[in-house]
Each structure stands twice: as C-alpha cells, then as structure tokens.
Amino acid sequence: MTRVSFLAGATGPWSIERIEAIRGETLAQATALARVESEGEIVPAGRAVWTLSGVRSHERYLERAERERLARQQEDLGRPGSRRAALIPIHKRPTWWQLAQDERRELFEGRSRHIAIGSSYLPAIARRLYHSRDLGGPFDFLTWFEFADEDASAFDELVGRLRETEEWRYVDREVDVRLRR
Ligand code: HEM
C-alpha cells in the first residue's frame, strides 16, 4: 500500500504561501512542505512542525463510466508547468460516517455533483486523494492538487463551488494550505 507523509517545516520542495482554516482548528504555520510517497514506513528526517499521514486507497464512489472518463481527462502530478499546489486536509462529521454507502453516493454525486463539478476543471487541475481516517489521524482525507499559475483562479472557483454543496455541510474541519515551487 502506498503511504504518504506531508512534512511541514523549514525545508522542502514546496514553499508555503499561506495556511488558512476554512472550518475548525488550523495547522501551525511553517515555511516549507514535502510530500513523500513510499511503499514502506516513512521516517521523517529532521524536525517537522507537523506531519500528516495517509494512504492511497481504492475508490468508494466512482461508477465505471465515470472512472473511465476521469482516466481519459486527468493528468498526472509532477507536470513541469505545475508551479502551484494545494494541500487540503478534511474531516467529516460523524453523521456522514453513519450514512449507508448508497446514501453517501447519492449525497456526494447525485445531489452535490462533486465529480461533475470537478471534471469541468480537468485537465488543468491534477489531483490525488489520500485516506487517513483509518490511521487515526486528525483528518479523514488529505487532498492534493497541482496546477499552473494561470489556473490558480480556476482552482479558487472550484473549491468555492464545492464548499457550497450539501456534501460540505458534513465537513467539520478543513484547512487550506497553498504552495508554490
Ligand atoms: C480537480 C477536480 C476534482 C475532481 C475531478 C474530483 C473527483 C473526486 C472523485 C472522483 C472522488 C471520489 C473517489 C472515490 O470514488 O472514492 C473524490 C473524492 C473526494 N474529493 Fe474530489 N475532486 C476534485 C476536486 C476536489 C477538491 C478541490 C477537493 C477539496 C477542496 C476535493 C475533496 C475530495 C474529498 C474530501 C473526497 C473524499 C470524499 C469522501 O470519500 O467522503 N475534491 N473527488
């Protein structure tokens, strides 16, 4: 299983532009961030101000046709033109987790149109979803996005639209970390 650690501190390939609490408690200020993916245990080198860990996991909500469409539209992380990134850790309320799988899918896509909205920002925004709920960390999800300077305002529009959805009423902690390299 691929693990990830986000290490915030004094050094790292991404410099932190700002850390903003959208809902709930913020994360401590730091100047740089590293995203480290590995198949084994990740041992942080040096001192981190904070570390968030997650895993890449299977998809929960995608239907086959949606998965195939996304696979055609999406681009990978690490594009040379992606000078900007965002790390958005998210925690959802217990009421979300008490719903049944079909109710969550209906809320996520049927009513909130998460995939439909997100897809209209492809391929400009490259994304990766990590899960951290089962690791017992402070967040359920660690979401990561990369994009070019000229797509920064489109990304702001995208997060603005998602935050107005019914799905987001179940978000009780969200921190928006913006980065440049
Ligand atoms: C770039 C456009 C985006 C696309 C195409 C997209 C697509 C998706 C898809 C397909 C899933 C479901 C994965 C599964 O089946 O388990 C998902 C989950 C998720 N996305 Fe997005 N997304 C986008 C942007 C965003 C943004 C900007 C945020 C945060 C502000 C976000 C936060 C999440 C979260 C937290 C989940 C997990 C939801 C859950 O399992 O309860 N997404 N996204």
Side-chain angles (χ1 to χ4, degrees), residues 1-8 12-14 22-25 27 33-44 48 50-79 82 85-119 121-123 125-147 155 158-159 162-163 165-177 179:
M1 193 178 343
T2 306
R3 299 158 189 251
V4 70
S5 282
F6 291 96
L7 309 163
W14 294 93
I22 305 299
R23 188 163 289 176
E25 202 190 323
L27 288 163
L33 182 100
R35 179 180 62 95
V36 184
E37 274 196 0
S38 154
E39 296 305 316
E41 201 72 50
I42 297 164
V43 183
W50 45 262
T51 305
L52 295 174
S53 301
V55 291
R56 293 182 69 171
S57 186
H58 64 275
E59 287 147 352
R60 269 72 169 170
Y61 301 112
L62 271 179
E63 292 176 354
R64 176 166 297 275
E66 291 165 342
R67 177 195 285 176
E68 286 170 359
R69 202 174 322 118
L70 278 180
R72 284 195 302 272
Q73 291 176 338
Q74 288 184 143
E75 287 181 4
D76 264 347
L77 302 180
R79 296 171 296 185
S82 291
L87 166 65
I88 307 184
I90 286 176
H91 185 272
K92 282 183 169 173
R93 299 181 195 280
T95 48
W96 172 263
W97 298 104
Q98 285 153 12
L99 296 171
Q101 181 67 19
D102 59 335
E103 295 174 301
R104 285 199 292 262
R105 158 75 202 191
E106 173 57 19
L107 241 155
F108 175 82
E109 187 59 17
R111 301 215 288 277
S112 299
R113 314 295 295 154
H114 186 124
I115 304 169
I117 293 172
S119 296
Y121 295 84
L122 301 179
I125 313 298
R127 54 177 272 274
R128 183 154 297 165
L129 174 64
Y130 301 99
H131 286 256
S132 50
R133 177 175 170 79
D134 293 339
L135 303 182
F139 297 96
D140 296 329
F141 308 99
L142 308 174
T143 67
W144 176 258
F145 307 91
E146 294 181 3
F147 44 91
F155 185 73
L158 164 62
V159 294
L162 289 175
R163 285 173 187 149
T165 62
E166 191 177 348
E167 182 196 353
W168 245 257
R169 292 191 213 152
Y170 290 89
V171 173
D172 61 5
R173 189 175 179 200
E174 178 179 8
V175 183
D176 194 329
V177 181
L179 309 131

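Not measured: the values here are computed from a predicted model.
Thr2 places a side-chain heavy atom less than 4.5 Å from the side chain of Glu39. Side chains of Arg163 and Asp176 form a contact here, defined as non-hydrogen atoms less than 4.5 Å apart. No side-chain heavy atom of Tyr61 sits less than 4.5 Å from a side-chain heavy atom of Glu66. In this structure, Leu52 and Leu27 have side chains that are in contact, with non-hydrogen atoms separated by less than 4.5 Å. Counting heavy atoms from C-beta on, the side chains of Tyr121 and Phe147 never come closer than 4.5 Å.
Looking only at distances, a side-chain donor or acceptor of Ser112 sits under 3.5 Å from a matching main-chain atom of Leu107. Side chain of Arg104 to backbone of Leu99: a donor-acceptor contact under 3.5 angstrom is found. Judged by distance alone, the side chain of Arg111 and the main-chain N or O of Thr165 form no donor-acceptor pair under 3.5 Å. Without hydrogens or angle criteria, Ser132 side chain to Phe139 main chain gives a donor-acceptor distance under 3.5 Å. Put simply, the side chain of Arg35 never gets that close to the backbone of Val4: no donor and acceptor are under 3.5 Å apart. Side chain of Ser5 to backbone of Val36: no donor-acceptor contact under 3.5 angstrom is found. Not one N or O on the side chain of Arg128 forms a donor-acceptor pair closer than 3.5 Å with the backbone of Trp144.
The heavy-atom pair separating Leu142 from Gly54 by the smallest distance is CD1-N, 3.9 Å. The heavy-atom pair separating Ala100 from Glu103 by the smallest distance is N-OE1, 2.7 Å. Between Arg56 and Met1 the shortest heavy-atom distance is O-CG, 3.8 Å. Contact detail for Ser119 and Leu70: the closest heavy-atom pair is OG-CD2, 3.7 Å. Across all non-hydrogen atoms, the minimal contact from Ile115 to Phe108 is CG1-CE2, 3.6 Å.
Between the CZ atom of Phe6 and the CG atom of Leu179 there is a distance of 9.0 Å, given to the nearest 0.5 Å. How far CZ of Phe145 is from CD1 of Ile125: 8.5 Å, rounded to the nearest 0.5 Å. Interatomic distance, Gln101 CD to Arg60 CZ, rounded to the nearest 0.5 Å: 8.5 Å. Going from atom CD of Glu106 over to atom CD of Glu166 covers 9.0 Å, rounded to the nearest 0.5 Å. The structure places CD1 of Ile90 at 7.5 Å from CD of Glu167, a figure rounded to the nearest 0.5 Å. Between the OG atom in Ser57 and the NE2 atom in His131 there is a gap of 5.0 Å [rounded to 0.5 Å].
In this structure Ala65 satisfies the side-chain contact (heavy atoms from CB on, under 4.5 Å) test together with Arg69, sequence neighbours excluded. By the side-chain contact (heavy atoms from CB on, under 4.5 Å) test, Ala116 is found to be paired with Glu109, Arg113, residues two or more places apart in sequence or in another chain being considered.
Stacking of Arg133 on the aromatic ring of Trp97 is recorded, both the 6.0 Å distance cut-off and the 45° axial limit being met.
Shown here is Glu59, whose CD atom has more than 12 heavy atoms of other residues, nucleotides or ligands within 6.0 Å.
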Run the numbers on Trp168 and His114 for side chain to side chain contact (heavy atoms under 4.5 Å, CB included), then give the verdict. CA-CA 10 Å; Trp168 245 257; His114 186 124; 4.0 Å; yes
Which pairs would a plain distance check flag for residues 71-78, meaning a side-chain donor or acceptor within less than 3.5 Å of a matching protein atom at least two apart in sequence or in another chain?
from  : atom 1 : to     : atom 2 : distance (Å)
Gln74 : OE1    : Arg127 : NH1    : 2.4
Glu75 : OE1    : Arg79  : NH1    : 2.9

